[in-house]
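Single-structure report; data block below.
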Amino acid sequence: MTDATTFSVALHNETATAQLMADLALLVGPGDVITLTGDLGAGKTAAARSLIRYLAGDDALEVPSPTFTLVQGYELPPFPVLHADLYRVEDESELEEIGLSPLPDATLVLIEWPERAPSAMPEDRIDIALTHRPALGSNARAADITGHGKAAAIVARLQALREFLDASGYIDATRKRMPGDASTRSYARLVRDEDIVILMNFPQRPDGAALYDGKSYSAAVHLAEDIKPFVAMDVGLRVVGISAPAIHHYDLDHGFLISEDFGSEGVIEGDPPRPIAERYEAATDVLAVLHWRTLPETLELADQTYAIPVFDVEALLIEIGLMPEWYLPDRNAPLSDEKRAEFFAMWRELLKKPLAGPKTWVIRDYHSPNLIWLADRDAIKRVGVIDFQDAVLGPHSYDVVSLLQDARVDVPETLELALLSSYIKTRRVSDASFDAAAFAESYAIMSAQRNTRLLGTFARLNRRDGKPHYLRHQPRIWTYLQRSLAHPALAHLRDWYLANVPPPQRAPEA
């Protein structure tokens with residue numbers, strides 16, 4: 001007997017069905033199974049169609065009933081979806097012939113008429129039972145949504161999300177899917193008349209098993225595991241004059257948040273994308289202005305306080321450990337125990353200088369995907385910052401590296417050096433004691449640290465998380481790494497990398 005969670009929703013029309021299925025789509029992913037039950041004409045296909053169109057970001061996508069094809073597949077932006085109709089299945093043995101036994105991995109599966117093959121349905125699933133409700137209107141339905149087994153948590157979260165949207169006044173808003181990122185967060189635009197806001201779904205969850213002295217990877221390196229750091233840092237950044245989105249509503253316990261929509265005008269242009277120099281310069285100025293301030297180490301959060309974690313040496317070493325753990329095995333270059341010890345000993349020594357210097361708020365992923373251009377604002381407020389929940393207290397150089405050695409966009413070395421000089425000049429104006437040479441050394445060290453970590457991170461996203469598209473960034477990361485290793489302070493590390501770290505494989509020419 002598996003655990004189950006159920007709640008009911010009255011669906012007065014097709015729009016209400018689309019809203020419900022969009023909310024569910026925000027919470028499910030590859031590997032989840034949704035079964036749809038109900039009489040003929042109860043709206044099963046309409047519900048499945050709404051979910052598929054939402055994930056596709058296309059309200060006009062052709063989604064036929066699979067009554068005759070039995071199975072219809074969709075390669076959608078976030079993940080593949082399989083839509084099946086078992087009405088014509090007479091024996092469960094037929095499921096193997098149509099690719100439903102076993103159910104496919106890494107795919108969201110929608111199954112109509114699951115009662116035709118009850119023993120083939122997984123214990124962990126979401127069932128949506130649809131029934132006519134003519135008393136509520138000719139097209140009205142009732143949906144009884146039940147989560148079985150592990151899916152019970154998803155249904156409980158769906159109910160909490162619906163209650164949050166209702167309390168915030170957005171239950172009737174139109175949902176528009178937004179692309180996700182490498183995290184467990186998901187996003188949607190909520191459109192209500194002329195009002196457009198962002199819904200963030202931030203489930204409380206560690207990244208990885210407890211492999212680091214009893215901590216998950218996210219806990220060990222101080223990545224946010226719930227929404228609280230985002231809310232605290234948002235308020236903190238806005239207080240010091242940085243354009244973080246205004247938060248309208250939040251639920252700290254469940255991890256839901258509705259915030260200002262900055263739009264989608266970025267700081268890059270073209271195909272392949274390249275930096276817009278004026279916008280990168282403004283983003284550099286944001287950091288220079290932030291870094292001369294004396295910033296608090298704790299922030300107010302509702303009726304409590306939030307202590308910003310310190311980016312300590314152990315966290316930095318665990319981050320760079322992703323390279324020998326994930327990248328080097330992919331390149332058939334695993335390290336011996338002796339070489340691993342050398343690697344960490346070198347890095348422990350190198351990190352002493354940047355960590356001994358003054359600390360600031362390190363936003364951490366301060367680069368093009370997380371910067372929005374706000375043309376109607378002035379000076380540094382033209383740069384909207386949308387990703388800061390992983391902020392830590394650490395070296396001033398870290399975010400400058402993150403911006404000027406953008407992991408996803410080629411930043412020409414000439415532009416990098418020009419903006420680095422601009423940053424240093426601005427810092428000197430506000431602080432006559434600013435040590436440019438020490439900053440340049442810290443910049444090189446934190447560049448090598450960050451790009452070493454990214455080689456491993458992207459390898460892990462491919463192998464562990466099934467996201468191979470991140471591998472295309474590895475050659476760029478390698479180029480940045482070579483730039484930083486050219487600094488005299490990294491000569492010993494450069495020689496060691498030359499002997500032990502092969503370059504990434506480059507994608508074949510088109």
Side-chain angles (χ1 to χ4, degrees), residues 7-30 32-36 42-63 74 76-83 107-112 126-130 139-147 151 153-181 184-193 195-203 248-249 251 254-259 261 264:
F7 80 103
S8 300
V9 179
L11 305 173
H12 295 275
N13 49 41
E14 290 187 5
T15 298
T17 298
Q19 291 162 343
L20 171 66
M21 299 310 290
D23 294 341
L24 179 57
L26 198 70
L27 307 180
V28 295
D32 290 326
V33 176
I34 301 171
T35 56
L36 297 132
K44 299 183 293 298
T45 298
R49 182 180 293 121
S50 293
L51 189 146
I52 292 167
R53 285 178 171 173
Y54 174 83
L55 290 173
D58 182 356
D59 292 338
L61 179 69
E62 184 69 23
V63 182
Y74 300 87
L76 302 183
F79 41 75
V81 174
L82 208 61
H83 181 196
T107 300
L108 175 67
V109 180
L110 307 173
I111 302 176
E112 298 183 40
I126 298 167
D127 182 65
I128 302 176
L130 294 161
N139 293 320
R141 305 280 187 274
D144 296 316
I145 307 161
T146 303
I154 298 175
V155 170
R157 189 164 182 78
L158 176 63
Q159 182 174 9
L161 172 59
R162 302 277 298 178
E163 291 170 353
F164 172 71
L165 291 170
D166 192 23
S168 303
Y170 285 93
I171 192 67
D172 293 327
T174 299
R175 280 70 154 168
K176 299 290 184 183
R177 181 184 171 272
M178 296 178 66
D181 51 26
T184 60
R185 297 182 295 277
S186 55
Y187 306 86
R189 278 193 166 91
L190 304 178
V191 183
R192 186 183 60 186
D193 299 324
D195 181 23
I196 303 176
V197 294
I198 303 294
L199 168 66
M200 178 192 291
N201 164 50
F202 196 145
H248 304 313
H249 307 275
D251 180 338
H254 291 103
F256 301 125
L257 180 148
I258 292 173
S259 72
D261 181 10
S264 55

Where is the tightest heavy-atom contact between [X] and [Y], given as atom of each residue plus distance?
X	Y	result
Ile154	Leu27	O-CD1, 4.0 Å
Pro179	Tyr187	O-CD1, 4.2 Å
Ala22	Tyr54	CB-CD1, 3.5 Å
Pro77	Arg177	CB-NH1, 4.1 Å
Arg162	Asp23	NH1-OD2, 2.9 Å
Ile128	Ala143	CG2-CB, 4.2 Å

Short side-chain to backbone donor-acceptor contact, Arg141 and Ala42, under 3.5 Å
yes
The criterion is side-chain contact (heavy atoms from CB on, under 4.5 Å); which residues satisfy it with [X], sequence neighbours excluded?
X	result
Asn13	Thr15, Ala16
Pro80	Glu75, Thr107
Ala156	Thr5
Ser50	Thr17, Ala18, Met21

With rounding to the nearest 0.5 angstrom, report the [atom1] to [atom2] distance, [X] to [Y].
X	Y	atom1	atom2	value
Arg185	Leu257	CZ	CG	11.5 Å
Ile111	Asp127	CD1	CG	10.5 Å
Tyr74	Leu55	OH	CG	12.0 Å

In the structure I gave you, are the side-chain heavy atoms of [X] and [Y] within less than 4.5 Å of one another anywhere?
X	Y	value
Leu158	Ile126	no
Asp251	Leu161	no
Leu108	Leu76	no
Arg189	Ile198	yes
Ile145	Leu24	no
Gln159	Val9	no

Do Gln19 and Ile171 pass the side chain to side chain contact (heavy atoms under 4.5 Å, CB included) test, and can you show the C-alpha distance, the side-chain angles, and the key distance before you say yes or no?
CA-CA 8 Å; Gln19 291 162 343; Ile171 192 67; 5.9 Å; no
Go through the structure and list residues passing ring pair (Phe, Tyr, Trp, His ring centres under 6.0 Å) with Phe202, not counting sequence neighbours.
none
Looking at residues at least two apart in the chain, or sitting in another chain, which of them share a ring pair (Phe, Tyr, Trp, His ring centres under 6.0 Å) with Phe164?
Phe256
With sequence neighbours left out, write down each residue that passes salt bridge (Lys or Arg N to Asp or Glu O under 4.0 Å) with Asp32, or none if nothing qualifies.
none
Just to verify, what does [X] make a side-chain hydrogen bond (donor to acceptor under 3.5 Å, both in side chains) with, not counting sequence neighbours?
X	result
Ser8	Asp144
Tyr170	Arg192, Asp195
Asn201	Arg157, Ser186
Glu112	Thr45, His83

Please collect all salt bridge (Lys or Arg N to Asp or Glu O under 4.0 Å) contacts where either partner lies in residues 43-63, sequence neighbours excluded, each pair once.
Asp59-Lys176
